[in-house]
Amino acid sequence: MGRTLLSLLIFSLYFLSSATPSAANHRKIEYLKLPLLHKDTFPPNPSQSLSSDLRRINTLYSSVNHRSIRSAKLPLTSGASSGSGQYFVDLKLGTPPQRLLLVADTGSDLVWVTCSACRNCSSRRRGSAFLARHSSTYFPFHCYDKKCRLVPNPRGVACNHTRQHSPCRYVYSYSDESETRGFFSTETTTLNASSGSAVKFKKFVFGCSFEASGPSITGPSFNGAQGVMGLGRGSISLASQLGRRFGNKFSYCLMDYTLSPTPTSYLLIGRSAEVNDSKMSYTPMINNPFTSTFYYIGIESVYIEDIKLQISPSVWAIDELGNGGTVMDSGTTLTFLAEPAYRRIVKEFKRLVRLPEVDDPTLEFDFCVNVSSVSKPSFPKMSFKLRGDSVLSPTPGNYFIDTAEDVKCLALQPLAAPSGFSVIGNLMQQGFVFEFDRDRSRIGFTRHGCGLP
(Lines give C-alpha, C1' and ligand atoms only; values in the text may rest on other atoms or scores of the structure.)
Protein backbone atom coordinates (compact mmCIF):
# COMPACT_ATOMS: atom_id res chain seq x y z
CA MET A 1 0.00 0.00 0.00
CA GLY A 2 1.06 3.62 -0.41
CA ARG A 3 0.41 3.63 3.31
CA THR A 4 2.60 1.20 5.26
CA LEU A 5 0.62 -1.74 6.45
CA LEU A 6 1.99 -4.99 7.71
CA SER A 7 0.99 -8.28 6.18
CA LEU A 8 -0.92 -10.33 8.72
CA LEU A 9 1.09 -13.14 10.30
CA ILE A 10 -0.87 -16.38 10.50
CA PHE A 11 -0.34 -17.95 13.91
CA SER A 12 -2.28 -21.14 13.27
CA LEU A 13 -2.92 -23.74 10.60
CA TYR A 14 -6.66 -23.78 11.31
CA PHE A 15 -8.77 -23.46 8.19
CA LEU A 16 -11.26 -20.62 8.24
CA SER A 17 -14.38 -21.41 6.21
CA SER A 18 -15.42 -18.93 3.52
CA ALA A 19 -18.21 -16.45 4.01
CA THR A 20 -21.67 -17.77 3.20
CA PRO A 21 -24.02 -15.89 0.83
CA SER A 22 -27.67 -15.61 1.70
CA ALA A 23 -29.78 -18.43 0.24
CA ALA A 24 -31.93 -16.11 -1.86
CA ASN A 25 -28.93 -15.01 -3.90
CA HIS A 26 -27.16 -18.36 -4.15
CA ARG A 27 -28.48 -19.47 -7.55
CA LYS A 28 -28.00 -16.44 -9.77
CA ILE A 29 -24.67 -14.79 -9.03
CA GLU A 30 -21.81 -15.45 -11.42
CA TYR A 31 -19.30 -12.93 -10.11
CA LEU A 32 -18.89 -9.82 -7.98
CA LYS A 33 -17.50 -6.67 -9.57
CA LEU A 34 -16.50 -3.79 -7.32
CA PRO A 35 -15.34 -0.46 -8.71
CA LEU A 36 -12.06 0.89 -7.37
CA LEU A 37 -13.41 4.29 -6.54
CA HIS A 38 -12.14 7.77 -7.41
CA LYS A 39 -12.76 11.14 -5.82
CA ASP A 40 -13.21 14.24 -7.93
CA THR A 41 -10.44 16.55 -6.72
CA PHE A 42 -7.15 16.77 -8.63
CA PRO A 43 -4.89 13.81 -7.84
CA PRO A 44 -1.33 14.08 -6.53
CA ASN A 45 1.76 13.00 -8.40
CA PRO A 46 2.58 9.32 -7.77
CA SER A 47 6.00 10.33 -6.49
CA GLN A 48 4.29 11.78 -3.40
CA SER A 49 3.79 8.20 -2.22
CA LEU A 50 7.55 7.52 -1.97
CA SER A 51 8.00 8.01 1.78
CA SER A 52 4.96 5.85 2.52
CA ASP A 53 6.17 3.19 0.11
CA LEU A 54 9.54 3.08 1.85
CA ARG A 55 7.90 2.50 5.23
CA ARG A 56 5.66 -0.18 3.74
CA ILE A 57 8.53 -2.03 2.09
CA ASN A 58 10.39 -2.22 5.40
CA THR A 59 7.21 -3.49 7.06
CA LEU A 60 6.69 -6.21 4.44
CA TYR A 61 10.26 -7.42 4.90
CA SER A 62 9.83 -7.74 8.64
CA SER A 63 6.72 -9.89 8.19
CA VAL A 64 8.61 -12.39 6.04
CA ASN A 65 11.54 -12.60 8.37
CA HIS A 66 9.19 -13.31 11.32
CA ARG A 67 7.04 -15.67 9.62
CA SER A 68 -22.76 -22.46 -6.64
CA ILE A 69 -21.80 -19.02 -7.04
CA ARG A 70 -19.01 -18.66 -9.54
CA SER A 71 -17.79 -15.05 -9.43
CA ALA A 72 -18.18 -11.39 -8.22
CA LYS A 73 -17.05 -7.85 -9.46
CA LEU A 74 -16.31 -4.90 -7.15
CA PRO A 75 -15.63 -1.23 -7.96
CA LEU A 76 -12.25 0.27 -7.05
CA THR A 77 -11.77 3.95 -6.22
CA SER A 78 -8.55 5.88 -6.54
CA GLY A 79 -7.35 7.52 -3.34
CA ALA A 80 -5.47 10.14 -5.33
CA SER A 81 -7.65 13.06 -4.31
CA SER A 82 -6.77 12.54 -0.66
CA GLY A 83 -3.04 12.36 -1.28
CA SER A 84 -2.87 8.58 -1.60
CA GLY A 85 -1.62 6.43 -4.47
CA GLN A 86 -4.04 3.70 -3.43
CA TYR A 87 -7.22 2.15 -4.78
CA PHE A 88 -10.26 1.96 -2.51
CA VAL A 89 -13.03 -0.65 -2.35
CA ASP A 90 -16.54 0.35 -1.31
CA LEU A 91 -17.63 -2.22 1.29
CA LYS A 92 -20.97 -2.30 3.09
CA LEU A 93 -20.74 -3.89 6.53
CA GLY A 94 -23.38 -4.69 9.16
CA THR A 95 -27.17 -4.71 9.43
CA PRO A 96 -28.32 -2.20 8.31
CA PRO A 97 -25.31 -1.82 5.97
CA GLN A 98 -22.74 0.90 6.72
CA ARG A 99 -20.61 2.11 3.79
CA LEU A 100 -16.82 2.09 4.27
CA LEU A 101 -13.85 2.70 1.96
CA LEU A 102 -11.03 0.18 2.33
CA VAL A 103 -7.60 0.11 0.70
CA ALA A 104 -7.37 -2.86 -1.71
CA ASP A 105 -4.16 -4.66 -0.76
CA THR A 106 -2.72 -7.89 -2.17
CA GLY A 107 0.17 -7.57 0.30
CA SER A 108 -1.82 -8.38 3.45
CA ASP A 109 -4.44 -10.85 4.66
CA LEU A 110 -6.56 -9.20 7.34
CA VAL A 111 -9.68 -7.25 6.45
CA TRP A 112 -10.00 -4.59 9.15
CA VAL A 113 -12.05 -1.44 9.60
CA THR A 114 -11.91 1.52 11.94
CA CYS A 115 -14.61 0.92 14.55
CA SER A 116 -16.48 2.98 17.11
CA ALA A 117 -18.42 1.67 20.10
CA CYS A 118 -20.12 4.97 20.89
CA ARG A 119 -23.88 4.94 21.29
CA ASN A 120 -24.53 8.55 20.31
CA CYS A 121 -22.27 9.25 17.37
CA SER A 122 -23.81 12.49 16.12
CA SER A 123 -20.45 14.23 16.58
CA ARG A 124 -18.62 11.68 14.43
CA ARG A 125 -18.45 12.30 10.69
CA ARG A 126 -20.80 9.96 8.82
CA GLY A 127 -18.94 7.02 7.33
CA SER A 128 -15.69 7.72 9.18
CA ALA A 129 -15.97 4.49 11.19
CA PHE A 130 -18.00 1.33 11.51
CA LEU A 131 -20.52 1.75 14.34
CA ALA A 132 -20.59 -1.72 15.86
CA ARG A 133 -23.44 -0.94 18.26
CA HIS A 134 -25.66 0.09 15.34
CA SER A 135 -25.48 -3.35 13.69
CA SER A 136 -27.74 -6.23 14.72
CA THR A 137 -25.40 -8.83 13.19
CA TYR A 138 -22.06 -7.75 14.69
CA PHE A 139 -20.46 -10.40 16.88
CA PRO A 140 -16.89 -10.53 18.26
CA PHE A 141 -15.33 -13.96 18.60
CA HIS A 142 -14.85 -15.20 22.16
CA CYS A 143 -11.20 -15.21 23.19
CA TYR A 144 -11.44 -18.98 23.69
CA ASP A 145 -12.74 -19.57 20.14
CA LYS A 146 -10.19 -21.44 18.02
CA LYS A 147 -10.46 -18.75 15.32
CA CYS A 148 -8.96 -16.32 17.81
CA ARG A 149 -5.70 -18.19 17.25
CA LEU A 150 -5.60 -16.90 13.67
CA VAL A 151 -4.61 -13.42 14.84
CA PRO A 152 -1.82 -12.21 17.17
CA ASN A 153 -3.20 -11.52 20.64
CA PRO A 154 -1.92 -8.75 22.95
CA ARG A 155 0.60 -9.80 25.56
CA GLY A 156 -0.42 -9.75 29.17
CA VAL A 157 -4.15 -10.06 28.43
CA ALA A 158 -5.43 -13.34 29.80
CA CYS A 159 -8.45 -15.06 28.28
CA ASN A 160 -11.19 -15.83 30.76
CA HIS A 161 -12.97 -18.66 28.97
CA THR A 162 -15.63 -18.91 31.66
CA ARG A 163 -16.95 -15.40 31.01
CA GLN A 164 -19.59 -15.00 28.33
CA HIS A 165 -18.38 -11.56 27.28
CA SER A 166 -14.64 -11.92 26.78
CA PRO A 167 -13.92 -10.88 23.18
CA CYS A 168 -10.98 -12.00 21.07
CA ARG A 169 -8.51 -9.12 21.16
CA TYR A 170 -5.81 -8.66 18.57
CA VAL A 171 -2.88 -6.28 18.16
CA TYR A 172 -0.74 -5.67 15.09
CA SER A 173 2.62 -4.02 15.61
CA TYR A 174 4.47 -2.75 12.55
CA SER A 175 8.17 -2.24 11.92
CA ASP A 176 7.73 1.54 11.94
CA GLU A 177 6.02 1.28 15.38
CA SER A 178 2.52 1.65 13.95
CA GLU A 179 -0.14 -0.63 15.35
CA THR A 180 -3.84 -1.32 15.30
CA ARG A 181 -5.83 -2.99 18.10
CA GLY A 182 -9.37 -4.26 18.31
CA PHE A 183 -11.70 -7.25 18.32
CA PHE A 184 -11.53 -10.13 15.85
CA SER A 185 -15.17 -10.35 14.80
CA THR A 186 -17.80 -11.66 12.43
CA GLU A 187 -20.38 -9.68 10.47
CA THR A 188 -22.66 -9.61 7.47
CA THR A 189 -21.17 -7.84 4.46
CA THR A 190 -23.04 -6.62 1.39
CA LEU A 191 -21.45 -6.66 -2.06
CA ASN A 192 -22.75 -5.75 -5.51
CA ALA A 193 -23.24 -8.67 -7.91
CA SER A 194 -22.80 -8.65 -11.69
CA SER A 195 -26.55 -8.18 -12.09
CA GLY A 196 -26.43 -5.00 -10.00
CA SER A 197 -28.28 -6.58 -7.09
CA ALA A 198 -26.92 -6.55 -3.55
CA VAL A 199 -25.63 -9.84 -2.18
CA LYS A 200 -25.22 -10.47 1.54
CA PHE A 201 -22.49 -12.68 2.92
CA LYS A 202 -22.83 -13.93 6.48
CA LYS A 203 -20.09 -14.95 8.91
CA PHE A 204 -17.56 -12.64 7.27
CA VAL A 205 -14.55 -12.31 9.61
CA PHE A 206 -12.67 -9.05 10.07
CA GLY A 207 -10.81 -6.92 12.57
CA CYS A 208 -12.84 -4.22 14.32
CA SER A 209 -10.13 -1.69 15.20
CA PHE A 210 -10.73 0.63 18.15
CA GLU A 211 -7.19 1.99 18.36
CA ALA A 212 -4.64 2.81 15.66
CA SER A 213 -1.40 4.79 15.81
CA GLY A 214 1.80 5.38 13.89
CA PRO A 215 2.79 6.69 10.45
CA SER A 216 1.60 3.60 8.57
CA ILE A 217 -2.03 4.24 9.45
CA THR A 218 -2.30 7.87 10.51
CA GLY A 219 -0.03 9.27 7.77
CA PRO A 220 -1.20 11.01 4.57
CA SER A 221 -1.10 7.89 2.41
CA PHE A 222 -4.03 6.44 4.37
CA ASN A 223 -6.22 9.54 4.02
CA GLY A 224 -9.78 8.79 2.96
CA ALA A 225 -9.73 5.12 4.00
CA GLN A 226 -11.52 3.49 6.93
CA GLY A 227 -9.51 0.28 6.82
CA VAL A 228 -7.83 -2.31 4.64
CA MET A 229 -9.21 -5.08 2.43
CA GLY A 230 -6.55 -7.80 2.62
CA LEU A 231 -6.44 -9.85 -0.59
CA GLY A 232 -3.39 -11.98 0.26
CA ARG A 233 -2.99 -15.75 0.15
CA GLY A 234 -3.68 -16.30 3.87
CA SER A 235 -6.86 -17.94 5.17
CA ILE A 236 -8.57 -14.80 6.54
CA SER A 237 -8.19 -12.52 3.50
CA LEU A 238 -11.24 -11.51 1.50
CA ALA A 239 -9.88 -13.52 -1.43
CA SER A 240 -9.79 -16.65 0.75
CA GLN A 241 -13.12 -16.12 2.51
CA LEU A 242 -15.11 -15.56 -0.68
CA GLY A 243 -12.77 -17.39 -3.04
CA ARG A 244 -14.19 -20.88 -2.78
CA ARG A 245 -17.65 -19.55 -3.65
CA PHE A 246 -16.24 -17.88 -6.77
CA GLY A 247 -13.72 -20.32 -8.23
CA ASN A 248 -10.90 -19.25 -5.86
CA LYS A 249 -9.67 -16.48 -8.11
CA PHE A 250 -9.86 -12.72 -8.41
CA SER A 251 -8.68 -10.10 -10.86
CA TYR A 252 -8.41 -6.34 -11.12
CA CYS A 253 -7.87 -3.57 -13.63
CA LEU A 254 -5.99 -0.55 -12.28
CA MET A 255 -6.33 2.64 -14.32
CA ASP A 256 -4.20 5.78 -14.27
CA TYR A 257 -5.56 7.94 -11.43
CA THR A 258 -3.78 11.09 -12.73
CA LEU A 259 -6.09 11.31 -15.76
CA SER A 260 -9.09 13.63 -15.71
CA PRO A 261 -11.77 12.41 -15.79
CA THR A 262 -10.41 9.31 -14.12
CA PRO A 263 -11.30 6.04 -15.91
CA THR A 264 -12.97 3.31 -13.83
CA SER A 265 -10.86 0.66 -12.16
CA TYR A 266 -12.39 -2.50 -10.74
CA LEU A 267 -11.82 -5.56 -8.59
CA LEU A 268 -13.52 -8.76 -9.76
CA ILE A 269 -14.06 -11.70 -7.39
CA GLY A 270 -14.54 -14.89 -9.42
CA ARG A 271 -14.71 -15.49 -13.14
CA SER A 272 -16.33 -13.28 -15.77
CA ALA A 273 -16.42 -13.35 -19.57
CA GLU A 274 -14.71 -9.95 -19.35
CA VAL A 275 -11.50 -11.82 -18.51
CA ASN A 276 -10.52 -13.64 -21.71
CA ASP A 277 -8.26 -16.67 -21.20
CA SER A 278 -7.12 -16.63 -24.82
CA LYS A 279 -5.73 -13.11 -24.37
CA MET A 280 -4.02 -13.90 -21.07
CA SER A 281 -0.34 -14.61 -20.45
CA TYR A 282 0.40 -16.67 -17.32
CA THR A 283 3.28 -16.94 -14.92
CA PRO A 284 3.36 -19.34 -11.95
CA MET A 285 3.02 -18.13 -8.36
CA ILE A 286 6.25 -18.85 -6.52
CA ASN A 287 5.95 -20.28 -3.00
CA ASN A 288 8.03 -18.89 -0.15
CA PRO A 289 7.98 -21.26 2.84
CA PHE A 290 8.50 -18.33 5.24
CA THR A 291 5.26 -16.52 4.41
CA SER A 292 1.75 -17.53 3.34
CA THR A 293 0.63 -14.02 2.38
CA PHE A 294 2.45 -12.65 -0.66
CA TYR A 295 2.02 -13.32 -4.38
CA TYR A 296 5.54 -14.02 -5.65
CA ILE A 297 6.42 -14.16 -9.34
CA GLY A 298 9.67 -15.25 -11.00
CA ILE A 299 11.60 -12.66 -13.03
CA GLU A 300 14.11 -14.29 -15.37
CA SER A 301 15.50 -11.26 -17.19
CA VAL A 302 14.92 -7.58 -18.04
CA TYR A 303 14.97 -6.07 -21.51
CA ILE A 304 15.20 -2.43 -22.56
CA GLU A 305 14.51 -1.86 -26.26
CA ASP A 306 15.04 -5.60 -26.88
CA ILE A 307 18.46 -5.48 -25.23
CA LYS A 308 18.80 -8.11 -22.53
CA LEU A 309 20.50 -6.60 -19.50
CA GLN A 310 23.35 -8.47 -17.85
CA ILE A 311 21.74 -9.26 -14.49
CA SER A 312 22.56 -12.45 -12.60
CA PRO A 313 19.55 -14.78 -12.07
CA SER A 314 20.51 -14.97 -8.39
CA VAL A 315 19.37 -11.32 -8.03
CA TRP A 316 15.74 -12.48 -8.43
CA ALA A 317 15.95 -15.77 -6.48
CA ILE A 318 14.45 -16.59 -3.06
CA ASP A 319 17.23 -17.88 -0.80
CA GLU A 320 17.10 -20.58 1.89
CA LEU A 321 16.07 -17.99 4.52
CA GLY A 322 13.12 -16.71 2.50
CA ASN A 323 14.85 -13.50 1.39
CA GLY A 324 14.68 -12.14 -2.14
CA GLY A 325 12.18 -12.87 -4.88
CA THR A 326 9.60 -10.52 -6.39
CA VAL A 327 6.13 -9.71 -5.05
CA MET A 328 3.08 -8.29 -6.84
CA ASP A 329 1.60 -5.67 -4.50
CA SER A 330 -1.42 -3.48 -5.25
CA GLY A 331 -0.82 -1.56 -2.02
CA THR A 332 2.62 -0.16 -2.95
CA THR A 333 2.65 2.63 -5.53
CA LEU A 334 6.19 2.55 -6.93
CA THR A 335 8.30 -0.43 -8.04
CA PHE A 336 11.29 -1.44 -5.89
CA LEU A 337 14.03 -3.60 -7.40
CA ALA A 338 17.06 -5.42 -6.02
CA GLU A 339 20.06 -3.09 -6.06
CA PRO A 340 22.14 -4.80 -8.80
CA ALA A 341 19.15 -4.92 -11.16
CA TYR A 342 18.11 -1.38 -10.32
CA ARG A 343 21.56 0.10 -11.02
CA ARG A 344 21.86 -1.77 -14.32
CA ILE A 345 18.42 -0.56 -15.47
CA VAL A 346 19.14 3.08 -14.54
CA LYS A 347 22.48 2.94 -16.35
CA GLU A 348 20.83 1.66 -19.53
CA PHE A 349 18.10 4.32 -19.49
CA LYS A 350 20.73 7.02 -19.01
CA ARG A 351 22.57 5.67 -22.05
CA LEU A 352 19.50 5.57 -24.29
CA VAL A 353 17.46 8.65 -23.32
CA ARG A 354 18.56 11.71 -25.31
CA LEU A 355 17.13 14.44 -23.10
CA PRO A 356 18.93 16.79 -20.68
CA GLU A 357 19.27 15.23 -17.25
CA VAL A 358 17.94 17.08 -14.19
CA ASP A 359 20.13 16.86 -11.11
CA ASP A 360 17.79 17.77 -8.24
CA PRO A 361 18.01 15.68 -5.03
CA THR A 362 14.61 16.97 -3.88
CA LEU A 363 12.98 14.86 -6.63
CA GLU A 364 14.14 11.68 -4.79
CA PHE A 365 14.73 9.74 -8.02
CA ASP A 366 18.07 8.80 -9.56
CA PHE A 367 17.18 9.62 -13.16
CA CYS A 368 15.11 12.65 -14.16
CA VAL A 369 15.04 14.54 -17.46
CA ASN A 370 13.85 17.92 -18.71
CA VAL A 371 11.16 17.45 -21.38
CA SER A 372 10.45 21.14 -22.10
CA SER A 373 12.08 20.86 -25.55
CA VAL A 374 9.65 18.19 -26.83
CA SER A 375 5.85 18.21 -26.97
CA LYS A 376 5.50 14.43 -26.75
CA PRO A 377 8.59 12.87 -25.19
CA SER A 378 9.20 9.19 -25.89
CA PHE A 379 11.16 6.75 -23.76
CA PRO A 380 12.70 3.31 -24.28
CA LYS A 381 10.46 0.33 -23.64
CA MET A 382 11.21 -1.94 -20.68
CA SER A 383 10.03 -5.56 -20.45
CA PHE A 384 10.22 -8.27 -17.79
CA LYS A 385 10.69 -11.86 -18.97
CA LEU A 386 8.85 -14.04 -16.43
CA ARG A 387 8.73 -17.74 -15.67
CA GLY A 388 6.27 -19.61 -17.84
CA ASP A 389 7.65 -17.95 -20.98
CA SER A 390 5.52 -14.81 -20.49
CA VAL A 391 6.60 -11.19 -20.93
CA LEU A 392 5.24 -8.21 -19.00
CA SER A 393 5.68 -5.07 -21.11
CA PRO A 394 4.28 -1.94 -19.41
CA THR A 395 4.07 1.28 -21.38
CA PRO A 396 6.69 3.96 -20.55
CA GLY A 397 3.93 5.92 -18.81
CA ASN A 398 3.95 3.22 -16.12
CA TYR A 399 7.55 3.97 -15.13
CA PHE A 400 8.34 7.53 -16.32
CA ILE A 401 6.19 9.95 -14.31
CA ASP A 402 5.74 13.72 -13.98
CA THR A 403 7.42 14.97 -10.82
CA ALA A 404 7.61 18.71 -11.58
CA GLU A 405 6.79 21.03 -14.44
CA ASP A 406 8.58 19.77 -17.58
CA VAL A 407 10.33 17.06 -15.55
CA LYS A 408 9.85 13.31 -15.84
CA CYS A 409 11.57 10.77 -13.61
CA LEU A 410 12.16 7.04 -13.77
CA ALA A 411 9.72 5.79 -11.10
CA LEU A 412 11.88 2.97 -9.77
CA GLN A 413 13.57 2.66 -6.40
CA PRO A 414 16.38 0.42 -5.11
CA LEU A 415 15.71 -1.92 -2.20
CA ALA A 416 16.64 -0.37 1.12
CA ALA A 417 17.48 -3.77 2.64
CA PRO A 418 19.78 -6.18 0.76
CA SER A 419 17.84 -9.12 2.22
CA GLY A 420 14.48 -7.81 1.03
CA PHE A 421 12.36 -8.69 -1.99
CA SER A 422 11.57 -6.74 -5.14
CA VAL A 423 8.06 -5.28 -5.42
CA ILE A 424 6.02 -4.59 -8.57
CA GLY A 425 3.81 -1.70 -7.41
CA ASN A 426 0.41 -0.55 -8.62
CA LEU A 427 1.83 2.15 -10.92
CA MET A 428 3.64 -0.52 -12.97
CA GLN A 429 0.43 -2.59 -13.07
CA GLN A 430 -1.80 0.13 -14.53
CA GLY A 431 -3.55 -0.67 -17.80
CA PHE A 432 -3.48 -4.46 -17.31
CA VAL A 433 -6.00 -6.98 -16.09
CA PHE A 434 -4.20 -9.12 -13.51
CA GLU A 435 -5.83 -12.42 -12.57
CA PHE A 436 -4.79 -14.28 -9.40
CA ASP A 437 -5.77 -17.92 -9.96
CA ARG A 438 -5.15 -19.48 -6.57
CA ASP A 439 -6.28 -23.03 -7.41
CA ARG A 440 -3.86 -23.26 -10.34
CA SER A 441 -1.23 -21.20 -8.50
CA ARG A 442 -0.69 -18.79 -11.37
CA ILE A 443 -1.02 -15.10 -12.20
CA GLY A 444 -2.36 -14.04 -15.58
CA PHE A 445 -2.15 -10.63 -17.22
CA THR A 446 -3.42 -8.94 -20.36
CA ARG A 447 -4.09 -5.46 -21.70
CA HIS A 448 -7.32 -6.76 -23.24
CA GLY A 449 -10.30 -5.61 -21.14
CA CYS A 450 -8.40 -2.85 -19.34
CA GLY A 451 -8.04 0.45 -21.20
CA LEU A 452 -4.63 1.90 -21.87
CA PRO A 453 -3.25 3.96 -18.95
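One is the number of the first residue; the rest follow in order along the sequence.
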CA sep, side-chain torsions, deciding dist, call: E435, Y252, side chain to side chain donor-acceptor pair (under 3.5 Å): CA-CA 7 Å; E435 180 186 74; Y252 54 65; over 6 Å; no
Lys/Arg N to Asp/Glu carboxylate O, R233 vs D109, below 4.0 Å: no
Electrostatic pair D389:K385 at N-O distance under 4.0 angstrom: yes
Heavy-atom side-chain contact between I286 and R387 under 4.5 Å: yes
Salt-bridge criterion met for K249 and D439 (N-O under 4.0 Å): no
F294 and F421 aromatic centres sub-6.0 Å: yes
Working for side chain to side chain donor-acceptor pair (under 3.5 Å), residues S390 and S281: CA-CA 6 Å; S390 59; S281 298; 5.9 Å; no
Residue pair M255 / Q430, side-chain heavy-atom distance below 4.5 Å: no
Derivation of the ring-ring contact (aromatic ring centres under 6.0 Å, His included) call for F210 and F183: CA-CA 8 Å; F210 294 107; F183 298 156; 5.1 Å; yes
R440 CZ: over 12 foreign heavy atoms closer than 6.0 Å: no
Closest non-hydrogen atom pair, A129 against C115: CB-C, 4.2 Å
Nearest heavy-atom neighbours spanning F141 and S185: CE1-O, 3.6 Å
Where S330 and N426 come nearest, the two heavy atoms and their spacing: O-ND2, 3.0 Å
